[in-house]
A.B. asks: 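Here it is, the structure in full.
Values reported hereafter were calculated over all heavy atoms of this structure, with side chains retained and with hydrogens, waters and symmetry mates removed. Reminder, nothing fancy here: chain letters follow the sequence lines and each chain counts from 1.
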Protein chains: 2
Amino acid sequence: MTDSPNDVTPDRLSKADALPPSDQHAQQYVAVRNAHETELLEDYVELIADLLQHQGEARSTDIAARMGVSQATVSKTVARLKALELVSSKPYRSLFLTKKGEAMAAMSHQRHAIVLKFLRALGVSDRTARIDAEGMEHHVSQETLDIMQRFTRERER
Amino acid sequence: MTDSPNDVTPDRLSKADALPPSDQHAQQYVAVRNAHETELLEDYVELIADLLQHQGEARSTDIAARMGVSQATVSKTVARLKALELVSSKPYRSLFLTKKGEAMAAMSHQRHAIVLKFLRALGVSDRTARIDAEGMEHHVSQETLDIMQRFTRERER
DNA sequence: TTAATATTTTAGCCAAGGTTAACTTGTAGG
DNA sequence: CCTACAAGTTAACCTTGGCTAAAATATTAA
Ligand SMILES: [Mn+2]
Ligand SMILES: [Mn+2]
Ligand SMILES: [Mn+2]
Ligand SMILES: [Mn+2]
């Protein structure tokens, strides 16, 4: 009891965009859930790499301050990073990245930079670009990244 | 013991981009965590609105299939949506949106459409654009949305 | 009308990511 | 060398968002 008898592909100018096929639709959400699984890990290793590079040390106090969470939260997340062999450290000492952690940090950093530069090239203010990039970066496919990079390069010529 | 004695702002061509001030950096992550809090709710009300519009009914089977999760998961999330007064329903019956739910759905839908059209206008394939938009939409500020919309309009002329 | 099937809910489980409070360890000054 | 304070860890708790298995309800078809 929706509209016309045989509504296969509604004519132009009809209601709204049709829903994608059920299984394809589901894959959209699956992709998002997958991204969320690694998101925090990526941000942590990226931040640790930055701290090592800029301050020579990655202390959990600094991480807590920069992430805006308590030190207890950092402790727990670091435990997870260690279990995943992304980070190594001795108790009460500075954190370091394993090879695996460095690889992840490098990838994440690169992707983050591409998204951030793209947003600025688009005309977004620095402050907003930084905030949006922090979330968007985890949901941008390689195809889109390539396009963003090309766009930014052209704008900069 | 990092590098030069007085490294305030490292000269051009030095290491890498400096870290933003600690508190500003923290706000980036805070913004992301806030977005994640409402993300699933937004996707649900958006989907429910779509189903109501396109099939006349929003059954939890369909939601489960389209979200790629079990029906039990849908039941629990719907309980939360009802507690938040976004959805109403009688047990074992179809779901409906409250005024509040409709408002949220309308906003989410609009934002989703802007991001999706923008990605397509940029040259991203339909399939990828849909996947990326599903995640990105929750992390795009109003400022960026406005810019995306302008960009899309210009490309379409 | 009843029996089979489909749908929805409930219960019990789990991991992630956050909190506060209390305890332990490290470090710097006197 | 000791003592105060800073930094890090641990314990106990909470919410969200997944899952499976079992129970309850609705629908359909014989
Ligand atoms: Mn990042
Ligand atoms: Mn991020
Ligand atoms: Mn959406
Ligand atoms: Mn979404």
A.B. asks: Roughly how many Å is it from OH in A/Y92 to C1' in D/dA6, rounded to a whole number?
C.D. replies: 12 Å
A.B. asks: Quickly work out the A/D43 CG to C/dA16 P distance and round it to whole Å.
C.D. replies: 17 Å
A.B. asks: Tell me whether the rings of A/H139 and B/H36 are parallel (<30°), tilted (30 to 60°) or perpendicular (>60°).
C.D. replies: perpendicular
A.B. asks: Closer to the 5' end of DNA chain C via nearest nucleotide, is it B/S60 or B/K76?
C.D. replies: B/S60
A.B. asks: Would you say A/T73 places a side-chain N or O within less than 4.0 Å of OP1 or OP2 belonging to C/dT19?
C.D. replies: yes
A.B. asks: When the distance from CZ of A/R59 to P of C/dG26 is rounded to whole Å, what number comes out?
C.D. replies: 11 Å
A.B. asks: Evaluate B/R150 against B/D146 for salt bridge (charged side-chain N to carboxylate O under 4.0 Å, His left out), listing each step before the verdict.
C.D. replies: CA-CA 6 Å; B/R150 203 174 323 135; B/D146 291 344; 6.0 Å; no
A.B. asks: Rounded to whole Å, please give me the gap between CD in A/E57 and C1' in C/dG26.
C.D. replies: 12 Å
A.B. asks: Hey, is the main chain of A/Q24 close enough, under 3.5 Å, to the side chain of B/R130 for a donor-acceptor pair?
C.D. replies: no
A.B. asks: Taking CD from A/Q71 and C1' from C/dG26, how many angstroms apart are they, rounded to a whole number?
C.D. replies: 13 Å
A.B. asks: Tell me whether B/S94 contacts the main-chain N or O of B/R59 through its side chain, where contact means a donor paired with an acceptor under 3.5 Å.
C.D. replies: no
A.B. asks: With a 4.0 Å cut-off on N to O distance, would you call A/E42 and A/R111 a salt bridge?
C.D. replies: yes
A.B. asks: Please give, in whole Å, the distance from C/dA16 C1' to A/M67 CE?
C.D. replies: 13 Å
A.B. asks: Check whether any side-chain N or O of B/T61 sits under 4.0 Å from OP1 or OP2 of C/dT8, and answer yes or no.
C.D. replies: yes
A.B. asks: Closest-nucleotide mapping onto DNA chain C: is A/T77 or A/P91 further toward the 5' terminus? I mean the 5' end.
C.D. replies: A/T77
A.B. asks: Please list, by residue number, the residues of residues 27-41 of chain B whose heavy atoms come closer than 4.0 Å to an atom of DNA chain C; answer none if no residue qualifies.
C.D. replies: B/R33
A.B. asks: How about A/D23 and A/Q27: does a side-chain donor come under 3.5 Å of a side-chain acceptor?
C.D. replies: no
A.B. asks: May I ask you to evaluate whether B/S70 reaches the phosphate of D/dC19, defined as a side-chain N or O under 4.0 Å from OP1 or OP2?
C.D. replies: yes
A.B. asks: Contact class for A/A72 vs. all strands (heavy atom < 4.0 Å): base, sugar-phosphate, or nothing?
C.D. replies: base
A.B. asks: Check whether A/I147 and A/V124 end up in the same hydrophobic cluster, where Ile, Leu, Val, Met, Phe, Trp and Tyr are linked by side-chain heavy atoms less than 4.5 Å apart.
C.D. replies: yes
A.B. asks: Could you state the CG-P distance from A/L86 to C/dA16, rounded to the nearest angstrom?
C.D. replies: 13 Å
A.B. asks: Checking contacts here: which listed nucleotide (C/dT9, C/dT7, D/dA7) is nearest the side-chain heavy atoms of B/S75?
C.D. replies: C/dT9
A.B. asks: Phosphate oxygens OP1/OP2 of C/dT8: is one of them under 4.0 Å from a side-chain N or O of B/R93?
C.D. replies: no
A.B. asks: Give the rounded distance in Å between these two atoms: NZ of B/K90 and C1' of D/dT25.
C.D. replies: 16 Å
